[in-house]
Amino acid sequence: MSRIYNFSAGPAALPLEVLETIRSDIPDWNGTGMSVMEVSHRGKDFVQLAERSEANLRSLLSIPENYSVLWIQGGATLQMAMAPLNLTTEDDAADYVITGSWGKKAAGEAAKFCHANVIADAADRNFTYIPDESTWQRSEAAAYLHITSNETIAGVEFHSLPESQAPIVADMSSTILSRPIDVADYGVIYAGAQKNIGPAGITLVIVRNDLLEKARAPLPHLMTWKAYADSDSMTNTPPTFAWYVADLVFQHLLDLGGLDEMARVNERKAGKLYAAIDASDFYSNPVALNCRSWMNVPFILADAGLDGRFLEQSAAAGLANLKGHRSVGGMRASIYNAVPEAAVDALIEFMTEFERTNG
Ligand SMILES: *Cc1c(COP(=O)(O)O)cnc(C)c1O
């Protein structure tokens, strides 16, 4: 077997232990004599999986009783439309803080359905900071405040939560499960699975129950959060395989010691990579120190002419998918939960050697 270190931004690395469980489960899952892809989602084995996954997720994130856990298709991108459709009338305002490309996309989607008020926008400095809260031009009565907890492309993360009278709706696609959070601080949390949860095709939404009652009408049944809440996310056939993998990932995280332990490891991984970048004139990261992401670390080479060689040699050294997003250029190392600390160590070693031979 030859596993490489995968720094992909998403779909991203999965824990090897989980992949090995999947491999051995495939022909005969849970003693059913079938794979998990071939069983009814309403049969007792899958219903048990669904219940266990929710119980484990509630335990990992300490989700309070008055929140529902929903599994929806359509990715985080669909939630950018479902949030305004489920929380506003077309006369309502919703406040958007834009700290990167995903927040911009979310605001653009909401603008089709309500008054999406961009109260802060970090585009003026190429999404490398979070505008100070004192400068946010908030609406008088916003239905909600939308933030992107971690901007995956430029690597900008909220390390503390803004004040808000309105419920906070947070896109946590690339940071969920990387550390403990206080779910009670939020109205809605959504996250596509393919960064820290599991395979693409399933999206986690955590909603405070009183917010399930605000959907505008008429909406397609599958566009209302309440439809999922009322049916344990089985209003129609859910993506059973992706859900199964998410369940394995939750069990794996609990085995590792839960999110306190993940936070310790993630902070250490990110800390040493930023330290290596900052210690060199050869590499740099432009993001303000107070909002550098633990999960996505973009960096540029002082000489962009060396980008091609860096990518070629890093790939040859078993370090895959380091190419930065085209809007930022340079490199990006996504170091999600499933990327081992040894991968970060290997990357730093490679970077040091590359600088020595090319600097
Ligand atoms: C990846 C990502 C998305 C897009 O997710 P899809 O599941 O592809 O719709 C949205 N927001 C953030 C922060 C992301 O990292």
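First listed ligand is number 1; within each ligand, the first listed atom is number 1.
Using a cutoff of 4.0 Å between basic side-chain nitrogens and carboxylate oxygens, Lys104 and Glu151 are not scored as salt-bridged. Using a 4.0 Å cut-off between charged nitrogen and carboxylate oxygen, Lys112 and Glu109 count as a salt-bridge pair. Of the charged side-chain nitrogens involved, at least one lies within less than 4.0 Å of a carboxylate oxygen, so that Glu341 and Arg268 count as a salt-bridged pair.
Short contacts between ligand 1 and Gly75, defined as distances under 4.0 Å to a heavy atom of the residue, involve ligand atoms 7 (O), 9 (O). Less than 4.0 angstrom separates some heavy atom of Ser174 from each of these atoms of ligand 1: 15 (O). Every atom of ligand 1 with a heavy atom of Gln194 under 4.0 Å away is listed here by number and element: 5 (O), 6 (P), 7 (O), 8 (O). Ligand-side atoms of ligand 1 in range of Lys195: 1 (C), 2 (C), 3 (C), 14 (C), 15 (O), range being under 4.0 angstrom from any heavy atom.
In this structure, the protein non-hydrogen atom closest to atom 9 (O) of ligand 1 is Thr77 OG1, 2.5 Å.
For Gln79, the closest heavy-atom approach to ligand 1 does not fall below 4.0 Å. Within the 4.0 Å heavy-atom cutoff, Lys105 does not count among the residues contacting ligand 1.
The aromatic ring centroids of Phe299 and Tyr274 lie 6.0 Å or more from each other. Taking the ring centroids of His41 and Phe46, they lie at or beyond the 6.0 Å cut-off.
Rounding to the nearest 0.5 Å places NE2 of His159 at 7.0 Å from SG of Cys291.
Closest to atom 15 (O) of ligand 1 by heavy atom, among Ile202, Asn150, Thr175, Thr152, is Thr152.
Contact annotation: for Met80 versus ligand 1, heavy atoms closer than 4.0 Å belong to the side chain alone. Contact annotation: for Met172 versus ligand 1, there are no heavy atoms closer than 4.0 Å.
One hydrophobic cluster holds both Leu60 and Trp71 under the rule that ILVMFWY side chains link at heavy-atom gaps under 4.5 Å.
Note on ring orientation: taking the six-membered ring where Trp is involved, the planes of His146 and Tyr190 are tilted (angle from 30° to 60°).
Geometric assessment of Lys195 against the ring of Trp102 yields a positive cation-pi assignment under the 6.0 Å and 45° thresholds.
Considering backbone and side-chain N/O atoms, Ala76 comes within less than 3.5 Å of an N/O atom of ligand 1. In terms of polar-atom proximity, defined here as any N/O pair under 3.5 Å, Thr148 makes no such contact with ligand 1. Residue Asp171 has at least one nitrogen or oxygen atom sitting less than 3.5 Å from a nitrogen or oxygen atom of ligand 1, judged on distance alone.
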